[in-house]
Asker: 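Structure incoming, see below.
Every heavy atom of this structure was used, including side-chain atoms; hydrogens, water molecules and symmetry mates were not. Keep in mind the model is a prediction, meaning the values are calculated, not measured. Nothing fancy with the numbering, it's 1 onward along the sequence.
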Amino acid sequence: MSTTRTSVHGQWSSRLAFILAATGSAVGLGNIWKFPYITGENGGGAFVLVYLVCIGLIGIPIMMAEVLIGRRGRQSPINTMMTLAKEEKLSKVWALLGWSGVLAGVLILSYYSVIAGWAMSYIFRAGSGAFVGVTAEGVSSIFSALISDPERLLAWHTLFMVMTLIVVARGVRSGLELAVRYLIPLLFVLLFLLVGYAYTTGHFGEALEFLFKPDFSKLSAESVLIAMGHAFFTLSLGMGAIMVYGSYLPANVSIARTSIIIAVLDTLVALLAGMAIFPIVFANGLEPGSGPGLIFETLPIAFGHMSFGTLFGVLFFLLLSFAAWTSAISLIEPAVAWLVENRNMTRVQSTIWCGVVVWLVGLGSVFSFNLWSEFRPLGMFPVFADKNFFDVLDFITSNVMLPLGGLLIAVFAAWRLSRSTSFDELKMGDGLAYPLWRFLVRYITPIAVLIVFLDALGILPDF
Ligand code: PFF
């Protein structure tokens, strides 16, 4: 039986609006900035394969679980978990899952905003003609000049946060829906164009081989953990962002179909980004494993040498900033929704409070690339020995908090919620689809996440 609950925050106008918003959340820096550089750092093909398997077997089923829980509860993730736990006569401790999601969102947004700031500053770099005819060394020194300047990074971080807060304060429906409707298709067009340029470098085959020919000798337990963590990160799972978007979803929309569409679009963007970037990397003798600067040190070379490169460069970094923007909104929405529900604040007040906290934590990431570049906050642990503040936040959120959050969401949806609740909310009919989903979230997801974790922690014996 469906519930007649409604959300105090409103509802998406249609199925398309939800797909666009959730795709806006999923498609972001994770696809275009992070996927290529972590693929480069983890050796290519085998890593990509593990990532794709994680998207299919873990990501899509968990996305369905998050949307169904969100739509059932129709509140912020904390209150949704609390309400459903009460209705199903479960422990209140489940609300902690909502809390860890709020924390993960705040931590991720704090560094996400700093990187989005790089993208925004590159709109102007590209527009000023700085990339015309540039060499690989030239691009690299433009990038170093940016990240070594804390004041500039701080200014861009602040601007990006303000832009995010303005949209969030206005509420989800006006602005966001409209923006993604045009931006996502345009992003695809530009990515195809860049792949077209990459094709002319003469190193396209090498890049395809790097991306799609698995060499399992390059895969470590930590790489598998990173691939799985990234599947969560890129689909915005494990922290309540998709859950809160699901809470605004009209009752009659098919959760399975929409989740598959979102995951496919998201994966396409990541693969296109890889196909645009690696040919340029190889053509210019660059290092695929050079880290977070990868796209900022490769794509400008393409823009510097193609016709209308200045125009396309501006458009590309503009779209990247927009993609980051539509993701940032979903990172902060769970916290804002909770403050509105529980602290009797207006949406504007809640947004400002959350924004201030995120901005402050973000200072740590701003300084990670300059003043604090040698600071190793958790240096006493071997995994964190060479990680600065930014690296630590990224590792803990993507590779620990999101997969653990996802694991608990799977356990909740498939082991604790009654079968009738999930069956009723997913509306998949009597065929095989529902049992397949339930099997995946009951067994495959939790076991896979656990094995990857224990293995990365060195608790499992070597195979
Ligand atoms: N999915 C976004 C990206 O790939 O850039 C990042 C993100 C957004 C992660 C929202 C988590 C989240 F809840």
Side-chain angles (χ1 to χ4, degrees), residues 1-12 18 21-22 25 61-106 168 171-173 232 235-253 255 258-259 262 329-345 347 350-351 354 401-402 404-427 437 441 445:
M1 208 189 44
S2 297
T3 64
T4 47
R5 258 194 296 268
T6 52
S7 168
V8 295
H9 311 284
Q11 205 181 73
W12 303 113
F18 171 72
S25 167
I62 294 212
M63 181 178 281
M64 291 169 60
E66 272 204 39
V67 179
L68 103 82
I69 293 172
R71 184 162 75 181
R72 192 72 179 184
R74 293 242 182 257
Q75 298 155 74
S76 66
I78 298 174
N79 288 330
T80 284
M81 292 306 297
M82 195 98 90
T83 307
L84 294 189
K86 206 188 284 166
E87 276 177 9
E88 308 263 334
K89 306 201 174 37
L90 306 169
S91 160
K92 271 203 218 132
V93 173
W94 281 106
L96 284 180
L97 186 51
W99 282 106
S100 90
V102 165
L103 181 65
V106 166
V168 176
V172 179
R173 203 148 153 179
F232 281 95
L235 294 177
S236 306
L237 298 176
M239 58 139 286
I242 291 293
M243 196 186 288
V244 81
Y245 275 18
S247 75
Y248 311 141
L249 184 65
N252 53 358
V253 173
I255 293 180
T258 41
S259 300
I262 295 161
I329 289 156
S330 69
L331 279 162
I332 204 171
E333 180 67 20
V336 171
W338 182 80
L339 280 180
V340 171
E341 288 164 11
N342 286 58
R343 287 285 171 266
N344 215 359
M345 287 188 196
R347 214 177 151 84
S350 324
T351 307
C354 296
M401 296 182 82
L402 298 186
L404 269 189
L407 169 77
L408 291 174
I409 286 167
V411 169
F412 184 78
W415 290 96
R416 308 309 288 148
L417 271 191
S418 65
R419 190 177 192 281
S420 61
T421 304
S422 57
F423 185 80
D424 177 51
E425 216 41 80
L426 287 175
K427 298 184 178 50
W437 170 80
V441 259
T445 307

Asker: Side-chain contact test, heavy atoms from C-beta onward, threshold under 4.5 Å: evaluate it for Pro334 versus Met239 and give yes or no.
Answerer: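 In short, these two side chains touch, coming nearer than 4.5 Å.
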Asker: Does the pair Met243 and Ile409 meet the rule for a side-chain contact (heavy atoms from CB on, under 4.5 Å), with working shown?
Answerer: CA-CA 10 Å; Met243 196 186 288; Ile409 286 167; 4.2 Å; yes
Asker: Nearest heavy-atom pair of Tyr248 and Ala337: which atoms, and what distance?
Answerer: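 Tyr248 and Ala337 have their closest heavy atoms at OH-CB, 4.2 Å.
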Asker: Give me the atom names and distance for the closest heavy-atom approach of Met81 to Gly98.
Answerer: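 Heavy atoms only, the tightest pair is CG-N, 4.3 Å.
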Asker: Examine distances only and state if a side-chain atom of Arg74 and a backbone atom of Leu249 form a donor-acceptor pair shorter than 3.5 Å.
Answerer: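 Side chain of Arg74 to backbone of Leu249, a donor-acceptor pair under 3.5 Å: yes, one is there.
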Asker: Below 4.5 Å, heavy atoms only, C-beta onward: do Thr6 and Gln11 meet side chain to side chain?
Answerer: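 SC-SC contact between Thr6 and Gln11 ruled out.
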Asker: When rounded to the nearest 0.5 angstrom, what distance separates CE in Met82 from CG in Asn342?
Answerer: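 That separation rounds to 7.0 Å.
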Asker: Flag the pair Lys427 / Ile255 as yes when at least one side-chain heavy-atom distance between them is below 4.5 Å, and no otherwise.
Answerer: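 Heavy-atom side-chain distance check fails, nothing below 4.5 Å.
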Asker: To the nearest 0.5 Å, how far apart are CE in Met63 and CG in Leu237?
Answerer: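 Atom-to-atom, Met63:CE and Leu237:CG are 5.0 Å apart.
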Asker: For the residue pair Arg71 and Val253, what are the closest heavy atoms and their distance?
Answerer: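 Smallest interatomic distance, heavy atoms only, reads NH1-O, 3.0 Å.
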Asker: Calculate, to the nearest 0.5 Å, the distance between atoms CG and CG belonging to Leu407 and Leu402 respectively.
Answerer: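 Here the rounded value is 12.5 Å.
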Asker: Please round to the nearest 0.5 Å and tell me the distance separating atom OH of Tyr245 and atom CD1 of Ile242.
Answerer: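 Here the rounded value is 8.0 Å.
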Asker: Write down the atom of Leu68, the atom of Leu417, and the distance for their closest heavy-atom approach.
Answerer: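 Closest pair (atom of Leu68, atom of Leu417, distance): CD1-CD1, 4.0 Å.
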Asker: Listed by chain and number, what are the side chain to side chain contact (heavy atoms under 4.5 Å, CB included) partners of Leu408, not counting sequence neighbours?
Answerer: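 By the side chain to side chain contact (heavy atoms under 4.5 Å, CB included) rule, Leu408 matches Trp94, Leu97.
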Asker: Minimum heavy-atom separation for Gly238 to Glu66, with atom names?
Answerer: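 Smallest heavy-atom distance, with atoms named: N-OE2, 2.6 Å.
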Asker: Is a salt bridge present between Glu88 and Arg416, judged by a nitrogen-to-oxygen distance below 4.0 Å?
Answerer: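 The answer is no: the pair does not qualify as a salt bridge.
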Asker: Could you measure the distance from the CD1 atom of Ile69 to the CD atom of Glu425? Nearest 0.5 Å is fine.
Answerer: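 CD of Glu425 is found 10.5 Å from CD1 of Ile69.
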Asker: Looking at Ser25, is its backbone amide N or carbonyl O close enough to the side chain of Ser236 to form a donor-acceptor pair, meaning the two atoms are under 3.5 Å apart?
Answerer: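 Checked: pair present.
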Asker: Would you name the heavy atoms of Ala335 and Cys354 that are closest together and state the gap between them?
Answerer: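 So the two residues come closest at CB-SG, 3.8 Å.
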Asker: Between CD1 of Ile62 and CH2 of Trp437, what distance do you get to the nearest 0.5 Å?
Answerer: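 Here the rounded value is 10.0 Å.
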Asker: Between Glu333 and Val244, is there a donor-acceptor pair closer than 3.5 Å when you use the side chain of the first and the backbone of the second?
Answerer: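 Side chain of Glu333 to backbone of Val244: no pair is present.
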Asker: Partners of Thr83 by side chain to side chain contact (heavy atoms under 4.5 Å, CB included), sequence neighbours excluded?
Answerer: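 Partners of Thr83 under the side chain to side chain contact (heavy atoms under 4.5 Å, CB included) test: Arg5, Gln75, Glu87.
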